[in-house]
Amino acid sequence: MKNFDYIRPETAAEARDAAARPGARLLAGGTTLVDLARAGAETPDLVVDISRLAAAEPRLGAIEALEGEGGSGGETLRLGALVTMARAEADPTLRLAAPAVAQSLALAASPQIRNMATLGGNLLQRTRCPYFRDPAAFPSCNKRAPGSGCSALGGPWKGRAALGATASCVAAYPGDLAAALVAFDAVVEIAGPEGVRDLPVAGLFLTPLDAGSAARDTGLAPGEMIEGIRLPASAAAARSTYLKIRDRASYEFATVGVAAGLDLGPDGTVRDARIALTGVAPVPLRARAAEAALLGAPLTEEAAARAGRLAFAPDPAGPDSDAPDPGAARFKLTLGPRVVARALLTLGGLA
Ligand code: FAD
């Protein structure tokens, strides 16, 4: 591992100043950053340890209901960026307001990791692409060294993106939480040198095409830090689920992860539908065409199956000239629609 300097700032402002220095990386739970630094996939010059910052800045470690900021179904929940995954998954208010969000955390990683890992760090975890994570064996990786090529392109890695990949990068976004937050319109609070800004979680992540480079995963600028997540209440969030299909029953990333929520009228008509996917594309994906197709009619097996197909249909407005063959991930295009349909049927009491 490359040597680096280490500091533990006393305040969030100090942390942001330090994080703005070239080569600096924030360290929260450290469960991603340390692995990547050991592997040489991240080579920080300065590690800025924010893991104990909540003692001085309690809002970074708090879960609170924001009064007067309610959606249709209740109050907005604010989750501090340094709240651990374990604490959030067990929070009774979150479990009631958005079961899919709590489940996405409970189904991730292992209890030991969830005890250390934070919500901010979870959102910003990097791809599990084995070619990205092993620079010694695979020097070519546009995510690590822009312009060097993509070792994964012709490789047998079945975890790669089946939707939205480009010839420069086929890495899939792996996190579970982000999909659940994207489905329910959560927002991240970002503080940085230019002040504080809000960004929908869906807007945090960049595809290689958005970013102009596979190396840039998010739109965060140097010195910007996620301070919290706001999750608006909604009837669809309150009736939601997270369905994770993976190779092992625990301690495994999603092959396909689906966050879904439904608001059903008294006669069973779908009034609101939310669907977001992870593990299948470079970023967590909201399946808006699938959601729209469900509205205004009762949920049936046919409707759920159609929504599943739409969720995995290529975006007609998206650029596809650069799209490589999904290769070893092709099976996700068959599996994924079924996972979406099953999540919806579970919510509708039809599974
Ligand atoms: P860190 O490692 O401290 O940081 C991660 C990144 O985020 C770094 O780049 C850091 O600079 C940045 N960062 C951290 N906090 C902030 C902030 N507040 N503002 C700006 N930048 C910040 N995840 C899943 O979703 N599902 C799984 O099934 C899953 N399985 C796993 C299995 C294993 C074996 C391991 C090791 C990890 C797994 N993970 C899984 C990933 C795990 O959830 C993440 O490692 C963890 O959530 C990262 O949080 P952290 O606080 O430790 O982040």
Side-chain angles (χ1 to χ4, degrees), residues 4 8-9 12 15-16 18-21 23-39 41-54 57 59-61 79-89 101 103-128 133 143 159 172-181 188-192 196 199 201 204-205 215-229 242 244-257 259 278-279 284:
F4 52 80
R8 188 186 289 154
R16 293 193 303 265
R21 293 189 216 155
R25 290 282 183 286
L26 294 171
L27 177 114
T31 62
T32 284
L33 187 63
V34 173
D35 277 0
L36 291 174
R38 280 200 183 118
E42 289 265 20
T43 52
D45 296 313
L46 170 66
V47 169
V48 182
D49 183 348
I50 57 172
S51 61
R52 299 188 198 174
L53 213 49
E57 312 254 3
R59 80 212 142 79
L60 293 175
L79 308 159
L82 290 179
V83 170
T84 62
M85 293 170 72
R87 218 181 114 217
E89 94 193 41
V101 177
Q103 290 162 12
S104 75
L105 292 163
L107 292 172
S110 66
Q112 292 87 344
I113 290 171
R114 299 199 298 272
N115 279 335
M116 288 188 73
T118 63
L119 303 183
N122 185 283
L123 288 179
L124 296 181
Q125 65 179 286
R126 307 205 68 193
T127 180
R128 305 304 292 188
R133 299 178 79 88
K143 236 183 210 324
Y173 177 79
D176 297 297
L177 172 66
L181 294 177
V188 275
E189 296 168 6
I190 298 169
V196 181
L199 193 64
V201 175
L204 179 62
F205 302 99
R216 238 179 127 217
D217 291 346
T218 73
L220 288 189
E224 284 197 317
M225 183 169 129
I226 297 181
E227 296 206 332
I229 298 163
Y242 182 73
K244 178 170 178 173
I245 303 299
R246 48 186 164 167
D247 282 357
R248 294 183 294 207
S250 78
Y251 205 20
E252 187 55 275
F253 285 88
T255 302
V256 174
T278 193

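Only a predicted model underlies this, so the values are computations on that prediction, with no experimental measurement involved. Whatever order the structure lists ligands and atoms in, that order sets their numbers, starting from 1.
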Does the side chain to side chain contact (heavy atoms under 4.5 Å, CB included) test come out yes or no for D176 and L105, once each step is laid out? CA-CA 7 Å; D176 297 297; L105 292 163; over 6 Å; no
Could you go through the side chain to side chain contact (heavy atoms under 4.5 Å, CB included) check for L26 and L124 one step at a time? CA-CA 11 Å; L26 294 171; L124 296 181; over 6 Å; no
The test is side chain to side chain contact (heavy atoms under 4.5 Å, CB included); show your working for T84 and N115 and say whether it passes. CA-CA 6 Å; T84 62; N115 279 335; 5.8 Å; no
Do NZ/NE/NH1/NH2 and the carboxylate oxygens of R16 and E227 come within less than 4.0 Å? yes
Would you say I113 and Y251 make side-chain contact, with heavy atoms under 4.5 Å? yes
Counting only pairs under 3.5 Å, give me each side-chain donor-acceptor contact of residues 44-54, with atom names and distances, residues two or more places apart or in other chains.
| unit_1 | atom_1 | unit_2 | atom_2 | d |
| --- | --- | --- | --- | --- |
| D45 | OD1 | K2 | NZ | 2.5 |
| D49 | OD1 | S51 | N | 2.8 |
| D49 | OD1 | S51 | OG | 2.6 |
| D49 | OD2 | Y6 | OH | 2.4 |

Short N or O contacts of ligand 1 with protein, under 3.5 Å, listed by atom name?
| unit_1 | atom_1 | unit_2 | atom_2 | d |
| --- | --- | --- | --- | --- |
| ligand 1 | 2 (O) | T31 | N | 3.3 |
| ligand 1 | 2 (O) | T32 | N | 2.8 |
| ligand 1 | 2 (O) | L33 | N | 2.8 |
| ligand 1 | 3 (O) | A28 | N | 2.7 |
| ligand 1 | 3 (O) | G29 | N | 3.3 |
| ligand 1 | 3 (O) | G30 | N | 2.8 |
| ligand 1 | 11 (O) | L26 | N | 3.4 |
| ligand 1 | 11 (O) | L26 | O | 2.5 |
| ligand 1 | 18 (N) | I226 | O | 2.9 |
| ligand 1 | 19 (N) | I226 | N | 2.9 |
| ligand 1 | 23 (N) | Q125 | NE2 | 3.2 |
| ligand 1 | 25 (O) | N122 | ND2 | 3.4 |
| ligand 1 | 25 (O) | Q125 | NE2 | 3.2 |
| ligand 1 | 25 (O) | D176 | N | 3.0 |
| ligand 1 | 25 (O) | D176 | OD2 | 3.4 |
| ligand 1 | 26 (N) | D176 | OD2 | 2.6 |
| ligand 1 | 28 (O) | A109 | N | 3.1 |
| ligand 1 | 28 (O) | K244 | NZ | 2.8 |
| ligand 1 | 28 (O) | E252 | O | 3.1 |
| ligand 1 | 30 (N) | A109 | N | 3.3 |
| ligand 1 | 43 (O) | N122 | ND2 | 3.1 |
| ligand 1 | 45 (O) | T31 | OG1 | 2.7 |
| ligand 1 | 45 (O) | T32 | OG1 | 2.6 |
| ligand 1 | 47 (O) | N122 | ND2 | 3.2 |
| ligand 1 | 49 (O) | N122 | N | 3.4 |
| ligand 1 | 51 (O) | G29 | N | 2.8 |
| ligand 1 | 51 (O) | T118 | N | 2.9 |
| ligand 1 | 51 (O) | T118 | OG1 | 2.7 |
| ligand 1 | 52 (O) | G30 | N | 3.0 |
| ligand 1 | 52 (O) | T31 | N | 2.8 |
| ligand 1 | 52 (O) | T31 | OG1 | 2.7 |

